[in-house]
Amino acid sequence: MASIKDVAAAAGVSVATVSRALNGHPSVSADARARVMEAVDALGYRPNAVARSLRTDQTRTLGLVISDVLNPYFTELARSVEEEARALGYSVIIGNADERPELQDHHVRTLLDRRIDGLLVSPTDGGSPLMLDAARAGTPMVFVDRWIPGVDVPVVRADGQAAVRDLVAHLCRLGHRRLAIIAGPAATTTGSERVEAFRDALAEYGLSLPDVYIGQGDFQAESGRRVTEGFLDLPEPPEVVFAADNLMALGALDAVRARGLRVPDDIALAAFDDIPWFVHTDPPVTAIAQPTGELGRAAVRALVDRIEGRTPRSVTLPARLVVRRSCGETHVPSQTPAPPTQSPSPVQRSTS
């Protein structure tokens, strides 16, 4: 394997000039840089990243801790993070928390020990002392999708409140009145926020959200199945089940089919977090889609700004309702009803 001394000899320059050329130092002339790069290509030289990191105190590596790698939403998010990081000259190491706070902290600790330049996290809960300490210590960090209230870290997320209002309006237009939700963990910001957005949107149409129509899930398919079975056992089951993430929606669909029932003939189903699979289910699932790719790219840009001494800012992007056929849409009229004139004001968009 060629060494930096071999490159210097082939290019007719000093080792220091080779190092400066490879690191983009402006003192290297265009001619010398060209000769260095030609020698690098001819010899197949690859810089030692570990040695470079010791000299520069940078590894050009980002850490990404996602909540569940099996969730298609987070899979797409990770892909967009990796692509944007690569375009900006960084590599990414990914840790899967599997919705477990202790595993999340294990990955965070390991990544920090490996001297990553910055950290992207989608927190599994709001009480991690490790991330609070890391933020206070000045570790470049960005929260993506979820966040920890009170921690001074930029947040890149989607605002689903308007899309939830659109969904409720859509369901009311279809004539549905008994609406239930499979909620995510209350310890997560997305879990609690989606329930409140759903409750407030129902209130705009004069509808309540009884406790029996709130099922506690954990963003996993099995919890969606379990909660839906409970809804179906009620003396007056809901007309619609709104799952607060895609995996819980798939679990709900399994529970309905296991009873020999059909969506939407016997019960309607909608989901937060659209995924490619939803167009292939029978019927295709009405869902709220987040701009996942752009969230990942914006999160990387914010983190790199922080690493490179610029001032990052939080980013909030809109989600949107994607109407398909899982709520009885074959008979949808052309107009969406307006909320009653005496209803409470719509939920304000988050500024966190």
Side-chain angles (χ1 to χ4, degrees), residues 73 157-184 186 189-217 219 224 227-228 231-232 234 236-246 248-249 252-253 256 263-275 278 283-291 316-350:
Y73 167 79
R157 58 182 288 260
D159 177 12
Q161 293 182 351
V164 170
R165 289 199 300 272
D166 289 343
L167 172 64
V168 170
H170 175 66
L171 297 173
C172 288
R173 179 180 66 190
L174 293 169
H176 298 302
R177 292 298 178 267
R178 300 194 310 275
L179 281 61
I181 184 170
I182 308 173
T189 49
T190 49
S192 59
E193 184 182 69
R194 290 169 192 174
V195 173
E196 291 309 307
F198 191 60
R199 190 196 309 275
D200 290 344
L202 288 172
E204 293 182 36
Y205 287 86
L207 302 176
S208 63
L209 183 61
D211 289 344
V212 293
Y213 283 177
I214 304 174
Q216 189 60 61
F219 290 142
V227 169
T228 302
F231 287 154
L232 295 173
L234 291 172
E236 190 174 45
E239 297 168 310
V240 182
V241 172
F242 171 44
D245 96 320
N246 50 57
M248 294 192 300
L253 189 59
V256 171
V263 174
D265 300 342
D266 300 301
I267 189 167
L269 176 66
F272 204 105
D273 282 343
D274 193 21
I275 53 175
F278 282 163
V285 176
T286 291
I288 291 173
Q290 300 194 73
T316 301
L317 301 174
R320 63 186 177 89
L321 177 64
V322 180
V323 174
R324 296 194 179 100
R325 292 191 291 108
S326 61
C327 297
E329 283 83 354
T330 53
H331 303 294
V332 181
S334 58
Q335 297 297 317
T336 299
T341 56
Q342 300 300 318
S343 67
S345 299
V347 181
Q348 296 299 308
R349 177 166 294 187
S350 170

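Remember, it's a predicted structure, so these values are computed and weren't measured experimentally.
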Just so I know, are the side chains of [X] and [Y] near enough to count as touching, which here means a heavy-atom distance under 4.5 Å?
X: Asn246; Y: Phe278; answer: yes
X: Pro264; Y: Glu329; answer: no
X: Pro284; Y: Ser326; answer: no
X: Pro291; Y: Leu317; answer: yes
X: Asp200; Y: Leu202; answer: no
X: Asp273; Y: Gln290; answer: yes
X: Ile182; Y: Thr228; answer: yes
X: Leu209; Y: Ile181; answer: yes

message = Just checking Arg320: does its CZ atom have more than 12 heavy atoms from other residues, nucleotides or ligands closer to it than 6.0 angstrom?
response =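 Check fails, neighbour count at 12 or below.
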message = A quick test of your reading: do over 12 heavy atoms of other residues, nucleotides or ligands sit less than 6.0 Å from CG of Asp265?
response = yes
ask   = Between Arg324 and Asp274, does at least one N-O distance fall below 4.0 Å, as a salt bridge requires?
value = yes
Glu193/Arg157 ion pair, N-O < 4.0 Å =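 Looking at Glu193 and Arg157, the cut-off is met.
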I need the minimum non-hydrogen distance between [X] and [Y], along with the two atoms involved.
X: Tyr205; Y: Ala169; result: OH-CB, 3.1 Å
X: Val256; Y: Ile267; result: CG2-CG2, 3.7 Å
X: Ala271; Y: Asp245; result: CB-O, 4.4 Å
X: Cys327; Y: Leu171; result: SG-CD2, 3.6 Å
X: Ser192; Y: Thr189; result: OG-O, 3.3 Å
X: Phe272; Y: Phe242; result: N-CE1, 3.5 Å

Distance-only, no hydrogens or angles: does the [X] side chain make a donor-acceptor pair with backbone N or O of [Y] under 3.5 Å?
X: Glu239; Y: Leu179; value: no
X: Arg325; Y: Val285; value: no
X: His170; Y: Arg165; value: no
X: Arg178; Y: Pro237; value: yes

Side chain to side chain contact (heavy atoms under 4.5 Å, CB included) assessment of Ile288 paired with Val322 = CA-CA 6 Å; Ile288 291 173; Val322 180; over 6 Å; no
message = With side chain to side chain contact (heavy atoms under 4.5 Å, CB included) as the criterion, how do Met248 and Val227 come out once you've worked through the C-alpha distance, each side chain's angles and the decisive distance to 0.1 Å?
response = CA-CA 9 Å; Met248 294 192 300; Val227 169; over 6 Å; no
request  = Evaluate the side chain to side chain contact (heavy atoms under 4.5 Å, CB included) criterion for residues Arg199 and Ser208: first the C-alpha distance (whole Å), next the side-chain angles of each, then the deciding distance (0.1 Å), finally the verdict.
outcome  = CA-CA 7 Å; Arg199 190 196 309 275; Ser208 63; over 6 Å; no
Spacing of Gln161 atom CD and Asp166 atom CG [to the nearest 0.5 Å] =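 Taking CD in Gln161 and CG in Asp166, the distance rounds to 12.0 Å.
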message = Check the orientation of Tyr213 and Phe231. Use parallel for under 30°, tilted for 30 to 60°, and perpendicular for over 60°.
response =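 It falls in the perpendicular class, over 60°.
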